[in-house]
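Remember, it's 1-based here, ligands and their atoms both numbered in the order they're listed. The first residue of the sequence shown is numbered 1, and numbering continues consecutively from there.
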Amino acid sequence: MSTTVTLTGAGGQIGYALLFRIAAGDLFGPEERVRLRLLEIPAGIGAAEGAALELQDGAFGLLEHVEVTDDPAVGFDGADHALLVGARPRGPGMERGDLLAANGSIFGPQGRAIAANAAPGVRVTVVGNPANTNALIAAAAADGVPATRFSALTRLDENRARAQLAAALDAPVAEVDGVTIWGNHSATQFPDVAHATVAGRPALDALAERVGDVTAWLDGSFIPRVAKRGAEIIQVRGSSSVASAANATLDHVRDWTLGTGERRTSAAVVSHGEYGVPAGLISSFPVRAVDGAWQIVEGQEPSPWARERIDRSVAELVEERDAVRALGLI
Ligand code: NAX
């Protein structure tokens, strides 16, 4: 058996960090062979072809085939998984509407090409920003593919939040569980620790002992640190998050495919009205993956304080949806 994975933006930074780990079996384990399809625009084809040469030189036993193309019909042919990483970054002087329109002209056609060419059970993970709304556009364009097969990455935000919580409590990150990212993958996101545990103990109890006023710590330190971590990485490293973004993408797709069991994680998935999030939006929620499908974990009853923060991020998603609707992109 082998799985076909299409990667867009394969000539870019995150693409380069993803490819070799996929080929090494970090996505589906040491038994599953992989066929890679690298989709780029003409300007990125050289970099993708170079990566393909290096993949060959890696002599990866699990890697069956690599195809490099700038034709979406070829790129998505037979794809079991599509990782949509390539996107249009915000250029100088670009307004939000320009950014949404530029990305709409990428993700709309890609959604159509997925519907026409991918494997019947295709699962699509959107990483390219603005990720939630790009996923919304692709899903709307993919006639016949259920919207539940599209999700956007908020796992990097969750991993960052888990790591920050672990550091604050001086605990191993492996013992931190149940952190949820709500809303948009943007500065309005709400990293929620209300149901988090540390070595099985409620994180809120452990935090109260460490930091005293937990709400002040969450508002003044934890939430801004997590939400602005991407900017912090750029400032310190001189370049945006790459390896950690690739790592989170693998975590997301692996969980979606192999299942989470009882463990909760975060992903931006289509709302059916859960937690008052308007149906049809692609918003981050607490989720589990069961039999290859994301399930939103219900019954968490956010506090009024949390509700306000969730609503703020969801309002931003509504604005983005309305903007792409006005542009005729959905
Ligand atoms: P790069 O600029 O290094 O690479 C992007 C690649 O995409 C380029 O090679 C470009 O030629 C290609 N591309 C552009 N349009 C394409 C199209 N229509 N079809 C195929 N390929 C296309 O960016 P990189 O650092 O790899 O980041 C990629 C995206 O991930 C960005 O949009 C970035 O904002 C987003 N991120 C999302 C994260 C998340 O958690 N959701 C975190 C990391 C990252 O910031």
Give the residue and atom name of whichever protein heavy atom lies nearest to [atom], and the separation in Å to one decimal.
| atom | answer |
| --- | --- |
| atom 5 (C) of ligand 1 | Gly12 CA, 4.2 Å |
| atom 33 (C) of ligand 1 | Asn129 ND2, 3.7 Å |
| atom 42 (C) of ligand 1 | Leu156 CD2, 3.7 Å |
| atom 17 (C) of ligand 1 | Ile41 CG2, 3.5 Å |
| atom 21 (N) of ligand 1 | Gly9 N, 3.2 Å |
| atom 43 (C) of ligand 1 | Ala245 CB, 3.5 Å |
| atom 20 (C) of ligand 1 | Leu39 O, 3.4 Å |
| atom 28 (C) of ligand 1 | Val85 O, 3.4 Å |

Between [X] and ligand 1, is there a nitrogen or oxygen pair with a distance under 3.5 Å?
| X | answer |
| --- | --- |
| Gln110 | yes |
| Asp157 | no |
| Ile14 | yes |

If the threshold is 4.0 Å, N to carboxylate O, is there a salt bridge linking Glu175 and Arg162?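 Result for this pair is no, no salt bridge flagged.
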In plain terms, say whether Arg35 and Glu67 are close enough for a salt bridge, that is, a side-chain N and a carboxylate O under 4.0 Å apart.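 So Arg35 does not pair with Glu67 through a salt bridge.
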Got a donor-acceptor contact below 3.5 angstrom from the Asn132 side chain to the Ala268 backbone?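 Not a single qualifying donor-acceptor pair exists.
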Can a donor-acceptor pair be found, under 3.5 Å and without considering hydrogens, that links the side chain of Thr260 to the backbone of Ala289?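 Judged by distance alone, yes, a pair lies under 3.5 Å.
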Ignoring hydrogens, tell whether any protein atom lies closer than 4.0 Å to atom 30 (O) of ligand 1; use the non-hydrogen atoms only.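 Protein heavy atoms within 4.0 Å of atom 30 (O) of ligand 1 - there is at least one.
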Heavy-atom protein contact below 4.0 Å for atom 23 (O) of ligand 1: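 No, there is none.
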pair [X]-[Y]: side-chain heavy atoms closer than 4.5 Å:
| X | Y | result |
| --- | --- | --- |
| Val287 | Ser266 | no |
| Val127 | Asn134 | no |
| Pro191 | Phe222 | yes |

Show your reasoning for whether ring-ring contact (aromatic ring centres under 6.0 Å, His included) applies to Phe76 and His81. CA-CA 9 Å; Phe76 291 114; His81 283 273; over 10 Å; no
With a 6.0 Å cut-off (strictly less than), is the heavy-atom count around CD of Gln56, excluding the residue itself, greater than 12?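 For Gln56, atom CD is not crowded (no more than 12 foreign heavy atoms under 6.0 Å).
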Please classify the Val127 to ligand 1 contact at 4.0 Å (heavy-atom distances, strictly less than): side chain, backbone, both or neither.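 Both backbone and side chain of Val127 come within 4.0 Å of ligand 1.
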Ligand 1 versus Ile106: contacting region, heavy-atom distance under 4.0 Å: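 Only the side chain of Ile106 comes within reach of ligand 1.
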Check each of Arg160, Glu158, Gln13, His252 against atom 3 (O) of ligand 1 and report the one with the nearest heavy atom.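 That would be Gln13.
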From Arg90, His185, Glu40, Arg88 - option closest to atom 39 (C) of ligand 1 by heavy atom: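 Among Arg90, His185, Glu40, Arg88, the closest heavy atom to atom 39 (C) of ligand 1 belongs to His185.
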List every atom of ligand 1 that sits less than 4.0 Å from any heavy atom of Gly128, numbering the atoms from 1 in the order shown and giving each element.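 The list of qualifying atoms is 29 (C), 30 (O), 32 (O).
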Hydrophobic clusters here meaning ILVMFWY residues chained together by side-chain heavy-atom distances under 4.5 Å, can you tell me if Val124 and Leu281 are in one?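 No; Leu281 is not reachable from Val124 via cluster members.
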List the steps, then state whether ring-ring contact (aromatic ring centres under 6.0 Å, His included) holds for Trp294 with Phe150. CA-CA 10 Å; Trp294 292 120; Phe150 287 76; over 10 Å; no
